[in-house]
Asker: 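Quick one: the structure is below, questions incoming.
By convention in this document, chain letters (A, B, ...) are assigned in the order of the sequence lines, proteins followed by strands, and residues within each chain are numbered from 1.
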Protein chains: 2
Amino acid sequence: MLINLDFESSEPIYQQLVFQIIEGIARKDFRPGEALPSVRSLASDIGINLHTVNKAYQQLKLEGFIQIHRQKGVVINPDGVPKADERYKQQLEKNLRPLIAESICRDYGEEEFLLLCKMIYKNYQGGRT
Amino acid sequence: MLINLDFESSEPIYQQLVFQIIEGIARKDFRPGEALPSVRSLASDIGINLHTVNKAYQQLKLEGFIQIHRQKGVVINPDGVPKADERYKQQLEKNLRPLIAESICRDYGEEEFLLLCKMIYKNYQGGRT
DNA sequence: GTATCTGTTATAGTTATAGTATAACAGTTA
DNA sequence: TAACTGTTATACTATAACTATAACAGATAC
């Protein structure tokens with residue numbers, strides 16, 4: 001579990017944690033069915049409160065990334081992450097709009113923008129970062 | 001000034017305001033040099049506090065979208081918005097990474113993702129939304 | 001059976017952010 | 001002089017993030 005948190009960042013710790021685990025899944029560092037640390041052990045590893053870890057786990061569970069079994073522990077969803085549905089695509093578009101609007105204002109062209117996206121895609125699918 | 005705020009949203013009002021104005025510039029509803037309402041009039045138009053508007057204006061000023069003249073008022077930057085620099089590109093990449101990581105997890109392919117971006121680009125450059 | 005491990009729930013406190021409500025100041029303009 | 005700019009200051013409420021404990025319920029290992 002290589003978790004990299006920035007305690008100076010204004011981005012909440014639990015959000016950073018959520019993203020790091022999603023990144024791990026995207027990068028295939030975490031495979032379906034694989035176990036994650038318990039809320040207590042991960043919290044003490046990172047040096048944060050167990051509620052902060054729990055909050056991240058709850059969000060990941062809600063979005064289908066992991067499963068939480070009361071007495072067994074936490075595992076990456078063995079059935080894989082639920083595929084993109086209409087709701088997800090709408091949310092994605094909503095999230096992309098501000099980025100693209102600002103890029104247009106800053107004369108950052110569509111081609112450059114798409115190239116950047118491709119670069120990030122490749123970055124994940126290539127393996128380790 | 002067509003401003004559309006969602007008071008139920010968890011996204012802060014001043015952030016929504018910032019984005020709406022950036023969108024307006026991207027869509028060329030607002031042209032360089034064009035005047036924006038005063039903090040007081042916009043605040044009373046929308047039905048919010050003048051400090052909330054001021055906070056949005058200050059952020060837009062900091063990022064070069066607008067200029068604020070103490071006794072004249074607020075105008076869209078006559079010199080145009082500063083072009084994308086290295087710092088901006090890095091920030092953009094940082095913002096895109098979570099979206100792309102989750103898309104990969106959800107089996108939302110690179111082609112679909114890029115198509116969505118193109119669609120949004122077209123949406124802005126076509127004119128009104 | 002007792003101890004230890006799970007996730008879960010509850011309570012309480014601190015800190016920071018968002019938003020509002022007033023009020024006042026310093027210039028500009030009609 | 002009056003009405004308009006942005007700006008600054010103070011104060012208050014509400015909420016989110018994070019921490020600190022404590023306890024509960026079920027599973028498992030000795």
Asker: Identify every side-chain donor-acceptor pair in residues 51-66 of chain A under 3.5 Å, counting partners at least two apart or on other chains, and give the distances.
Answerer:
residue	atom	partner	partner atom	Å
A:His51	ND1	A:Asn49	OD1	2.9
A:Tyr57	OH	A:Pro37	O	2.7

Asker: Just the rounded figure in Å: distance from P of C:dG19 to CD of B:Gln15.
Answerer: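 In whole Å, C:dG19 P lies 9 Å from B:Gln15 CD.
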
Asker: Between A:Glu11 (CD) and D:dA16 (P), how many Å, whole number?
Answerer: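 Taking atom P of D:dA16 as the reference, CD of A:Glu11 is at 17 Å.
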
Asker: Each nucleotide in nucleotides 3-11 of chain D should get exactly one letter: B, S or -. Can you fill that in based on protein heavy atoms under 4.0 Å?
Answerer: --BBBBB--

Asker: Apply salt bridge (charged side-chain N to carboxylate O under 4.0 Å, His left out) to the pair B:Lys122 and A:Glu110, showing each step before the final yes or no.
Answerer: CA-CA 9 Å; B:Lys122 184 171 275 177; A:Glu110 183 174 334; over 6 Å; no

Asker: Which residues pass the salt bridge (Lys or Arg N to Asp or Glu O under 4.0 Å) test with B:Asp107, sequence neighbours left out?
Answerer: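 Result, salt bridge (Lys or Arg N to Asp or Glu O under 4.0 Å) vs B:Asp107: A:Lys83.
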
Asker: For B:Leu17 and C:dT20, what is the distance between atoms CG and P respectively, to the nearest whole Å?
Answerer: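 Rounded to the whole Å, the gap is 11 Å.
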
Asker: Rounding to an integer number of Å, can you tell me how far A:Glu8 CD sits from D:dA17 C1'?
Answerer: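 Whole-Å distance recorded here is 15 Å.
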
Asker: Using a cut-off of less than 4.0 Å, is there contact between a side-chain N or O of A:Thr52 and OP1 or OP2 of D:dA17?
Answerer: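 Checking A:Thr52 against D:dA17: no side-chain N or O falls below 4.0 Å of OP1 or OP2.
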
Asker: Find the distance A:Leu60:CG to C:dG7:P and express it as a whole number of Å.
Answerer: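 Roughly 13 Å, once rounded to whole Å.
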
Asker: Picking from D:dT19, C:dT20, C:dG19, which would you name as closest to the side chain of A:Asn49?
Answerer: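 When the side chain of A:Asn49 is considered, D:dT19 is the closest of D:dT19, C:dT20, C:dG19.
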
Asker: Please set out all donor-acceptor pairs under 3.5 angstrom arising from side-chain atoms of residues 67-76 of chain B, sequence neighbours excluded.
Answerer:
residue	atom	partner	partner atom	Å
B:Gln67	OE1	B:His69	NE2	3.3
B:Gln67	NE2	B:Asn77	OD1	3.4

Asker: Of all residues at least two apart in sequence or in a different chain, which pass the salt bridge (Lys or Arg N to Asp or Glu O under 4.0 Å) check with B:Asp45?
Answerer: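 B:Asp45 satisfies salt bridge (Lys or Arg N to Asp or Glu O under 4.0 Å) with no residue once adjacent residues are dropped.
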
Asker: Is there a side-chain contact between B:Tyr14 and the phosphate of C:dA18, meaning an N or O under 4.0 Å from OP1 or OP2?
Answerer: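 It does, given that an N or O in the side chain of B:Tyr14 lies less than 4.0 Å from OP1 or OP2 of C:dA18.
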
Asker: Going by the rule salt bridge (Lys or Arg N to Asp or Glu O under 4.0 Å), which residues pair with B:Lys118 if we only count those two or more places apart in sequence or in a different chain?
Answerer: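 Applying salt bridge (Lys or Arg N to Asp or Glu O under 4.0 Å) to B:Lys118 gives none.
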
